[in-house]
Amino acid sequence: MCKVTIDTHGIKEEEGKAWVDELANIYADMEIDNVSVSGNKISFNAGFSAMDDTEPDDIKMRLDEYLTMNEAFKTKSINVS
């Protein structure tokens with residue numbers, strides 16, 4: 001699984017966790033765990049159940065796509081490693 005960190009301009013914990021839950025619902029093959037939301041940061045682990053060779057760019061592409069569809073908050077940066 002890849003480690004995802006999204007720096008924001010501020011988000012409430014409940015809203016951040018709801019956004020991550022919805023991300024997992026939209027992409028049924030995406031597995032997410034260890035969600036943490038605090039102030040200006042959302043972090044979690046993400047991977048795809050159907051892909052053994054998931055690359056950080058695969059996750060980043062889905063995140064960018066989902067943020068375009070559901071911009072619940074403003075992002076400063078997204079790091080996937």
Side-chain angles (χ1 to χ4, degrees):
M1 298 203 41
C2 297
K3 177 71 174 173
V4 176
T5 305
I6 302 172
D7 290 317
T8 73
H9 291 282
I11 188 166
K12 294 179 182 175
E13 183 176 1
E14 291 176 13
E15 292 172 352
K17 286 183 177 182
W19 184 86
V20 174
D21 285 343
E22 187 63 22
L23 172 68
N25 290 334
I26 294 295
Y27 299 108
D29 63 338
M30 184 177 278
E31 296 177 353
I32 294 176
D33 66 12
N34 295 327
V35 178
S36 174
V37 180
S38 63
N40 296 331
K41 189 174 289 191
I42 300 170
S43 63
F44 54 91
N45 296 329
F48 295 108
S49 59
M51 293 177 60
D52 292 334
D53 59 345
T54 301
E55 296 290 326
D57 286 344
D58 299 326
I59 302 291
K60 176 94 168 56
M61 181 183 71
R62 293 280 177 96
L63 290 170
D64 289 338
E65 181 179 73
Y66 184 60
L67 279 167
T68 299
M69 293 186 306
N70 182 3
E71 189 176 354
F73 52 88
K74 298 286 185 193
T75 60
K76 292 181 185 177
S77 66
I78 299 173
N79 183 24
V80 183
S81 56

- Message: How long is the straight-line distance from CG of N79 back to NZ of K60, given to the nearest 0.5 Å?
- Response: 9.0 Å
- Item | Closest non-hydrogen atom pair, I32 against V35 | CG2-CG2, 3.8 Å
- Sequence neighbours left out, what passes side chain to side chain donor-acceptor pair (under 3.5 Å) with S77? Give chain and number order. D7
Per-pair distances, 0.1 Å, donor-acceptor, side chain in residues 16-28, under 3.5 Å, sequence neighbours excluded:
unit_1	atom_1	unit_2	atom_2	d
K17	NZ	E13	OE2	3.0
W19	NE1	N70	O	3.3
N25	ND2	D21	O	3.4
Y27	OH	E65	OE1	2.3

- Message: How about NZ on K74, more than 12 heavy atoms from neighbouring residues, nucleotides or ligands closer than 6.0 Å, or not?
- Response: no
- Spacing of M1 atom CE and I59 atom CD1 [to the nearest 0.5 Å]: 7.5 Å
- Query: Out of curiosity, does M61 fall in the hydrophobic cluster containing M69 (side-chain heavy atoms, cut-off under 4.5 Å, transitive links)?
  - Reply: no
- Message: Once rounded to the nearest 0.5 Å, what's the spacing between atom CD1 of I11 and atom CD1 of I6?
- Response: 8.5 Å
Side-chain donor-acceptor distances from residues 38-46 under 3.5 Å, at least two apart:
unit_1	atom_1	unit_2	atom_2	d
N40	OD1	G10	N	3.2
N45	ND2	D33	OD1	3.2

- Kindly compute the distance separating OG (S81) from NZ (K3), expressed to the nearest 0.5 Å. 8.5 Å
- Message: Can you tell me how far apart CZ (R62) and CG (D29) are? Round to the nearest 0.5 Å.
- Response: 5.0 Å
- Any donor-acceptor N/O pair, D58 side chain to E55 backbone, under 3.5 Å: yes
